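Data block below; observations after.
Just so it is clear, the model here is predicted, and its values are computed rather than measured.
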Amino acid sequence: MNLFVKSALAGFRNFQQAHTYLKVLGLLLSLAIPWCAAQAAPFPDGVVRIVVPTTVGGPADLAARLLAGKLAESLGTQVIVENKAGANGTIATDFVAKAPAGGQTLLIGTGAFTINSAIYRKLPYSAAQDFVPLAMLVSPGPLVLVAHPSLPVKTVAELVARAKTQSKPFAYGSAGIGNTTHLGGEMFGQLAGVKFDHIPYKGMSAGLNDLLSGQVSFMFLPWSSVERFVKDAKLNALAQTGVKRMASLPDLPTMAEAGIKGYELTGWIGVFARTGTPPEVIKTLNAAVVKAMVEPDVYAKLAALGSGEPPRMTPEQMAAFVRNDFKLMEQVAKAANLSLEVD
């Protein structure tokens, strides 16, 4: 074979190798460019939304609005609060579960976050799998059993004794089916051996208004919501639902101390992001939330909503708390024989 032919064949083979190399390089670049773009996506990228599963004016809404202003300062972007009340928080939770992951849409979770998984047979989302806990905003705190003054009782024992002699069950109100305020009454009836009529409302404020007017006999509510009414003698506080007394209410017995053995129920408020949110964004959001919580003008108000100092939880600590609460709520729902369909 002459030199010209050998040279041509070598060049052709080199061309084929180069062509193959370029094709492989192009394929790698086509895969790498979107990946790099995704990795380099800025956070925050525009408005951050905090979705609240309750009506305006309740503890969860107040906590979210306290947080929003501070997050806006830390993140350097607009942070807005959106209330999507209804179906015991499942509307808001489902909305966030279907939002893009990335930290731009956050959820305020309350006790209903874990309760719903225990009482509803089929949900359009998985609370355990679709969300990443970011931080605890309001420390777990007890509810307070408050009664209208028209009910002539001063203690839990007197309430139980009178209820057992009534031809018509006493009516108690709640902020909605499956809410902690609902489970408070269900547990009370179960453990005391008394039948009560449950009247669910669309939010805490509506139920409280009817309690103040005497339309319902009693409710289980956060102390922050009823403190001024108790002090003004518009409501009577009978007991608190925690395992121990709150420091701010040292003279008010727990339900267990009042004779309802085995009674324990607390409420809490936390922040969640969608599963799939990058770890560095989770870290950024947790740091921003914790920073907001220690601001003097926020700290005292969050402490008043719960049982004291807002806990500075890491995402891992918050996740451990939520797992334990899932288990507790399953036990409570089973004891109260609660099994519902989503509306």
Applying a strict under-4.5 Å side-chain criterion to I, L, V, M, F, W and Y, I'd like to know whether [X] and [Y] cluster together.
X      : Y      : answer
Leu340 : Phe196 : yes
Ile282 : Val289 : yes
Phe229 : Val216 : yes
Tyr299 : Leu67  : no
Leu123 : Ile115 : yes

In chain order, what residues pass the side chain to side chain contact (heavy atoms under 4.5 Å, CB included) check against Ala101, with sequence neighbours excluded? Arg274, Thr277
Backbone N or O of [Y] within a donor-acceptor pair of the [X] side chain at under 3.5 Å?
X      : Y      : answer
Gln104 : Asp45  : yes
Gln317 : Thr314 : yes
Thr241 : Thr266 : no
Asn286 : Leu134 : yes
Asn83  : Thr54  : yes

Working for ring pair (Phe, Tyr, Trp, His ring centres under 6.0 Å), residues Tyr263 and Phe188: CA-CA 8 Å; Tyr263 197 110; Phe188 184 23; 7.0 Å; no
Closest contact, heavy atoms only, Ile199 versus Ala171: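 Nearest pair, atom of Ile199 first, then Ala171: CG1-CB, 4.0 Å.
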Among Asp130, Asp94, Thr93, exactly one meets side-chain contact (heavy atoms from CB on, under 4.5 Å) together with Pro124. Which residue is that? Asp94
side-chain hydrogen bond (donor to acceptor under 3.5 Å, both in side chains) between Asp210 and Tyr201, worked out: CA-CA 9 Å; Asp210 268 13; Tyr201 290 88; 2.7 Å; yes
Do the ring planes of Phe326 and Phe113 sit parallel (below 30°), tilted (30 to 60°) or perpendicular (above 60°)?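 Taking Phe113 first and then Phe326, their aromatic rings sit tilted (interplane angle of 30° to 60°).
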Is it true that Glu341 and Arg121 have a side-chain N and a carboxylate O under 4.0 angstrom from each other?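 Arg121 and Glu341: salt-bridged.
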Is Asp197 salt-bridged to Lys168, going by a charged N under 4.0 Å from an acidic O?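 Not counted as a salt bridge, because no side-chain N and carboxylate O are separated by less than 4.0 Å.
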State which residue, out of Asp325, Thr110, Thr180, fulfils the side-chain hydrogen bond (donor to acceptor under 3.5 Å, both in side chains) condition with Trp268. Asp325
Side chain proximity check, Glu186 to Tyr172, heavy atoms < 4.5 angstrom: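 A side-chain contact exists here, since the closest heavy-atom pair is under 4.5 Å.
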Between Asn179 and Thr181, do the side chains contain an N or O donor and an N or O acceptor separated by less than 3.5 Å? yes
Atom [atom1] in [X], atom [atom2] in [Y]: separation rounded to 0.5 Å?
X      : Y      : atom1 : atom2 : value
Leu302 : Met136 : CG    : CE    : 12.0 Å
Ile80  : Leu71  : CD1   : CG    : 13.0 Å
Ser339 : Ile119 : OG    : CD1   : 9.0 Å

Output, in order, the C-alpha distance, side-chain angles, deciding distance and verdict of salt bridge (charged side-chain N to carboxylate O under 4.0 Å, His left out) for Glu227 and Lys231. CA-CA 6 Å; Glu227 179 179 6; Lys231 290 182 177 179; 2.7 Å; yes
Does the ring centre of Phe218 sit less than 6.0 Å away from the ring centre of His148? no
Around atom NZ of Lys327, are there more than 12 heavy atoms from other residues, nucleotides or ligands closer than 6.0 Å? no
Do Asp61 and Arg65 pass the salt bridge (charged side-chain N to carboxylate O under 4.0 Å, His left out) test, and can you show the C-alpha distance, the side-chain angles, and the key distance before you say yes or no? CA-CA 6 Å; Asp61 177 70; Arg65 294 180 189 279; 2.8 Å; yes
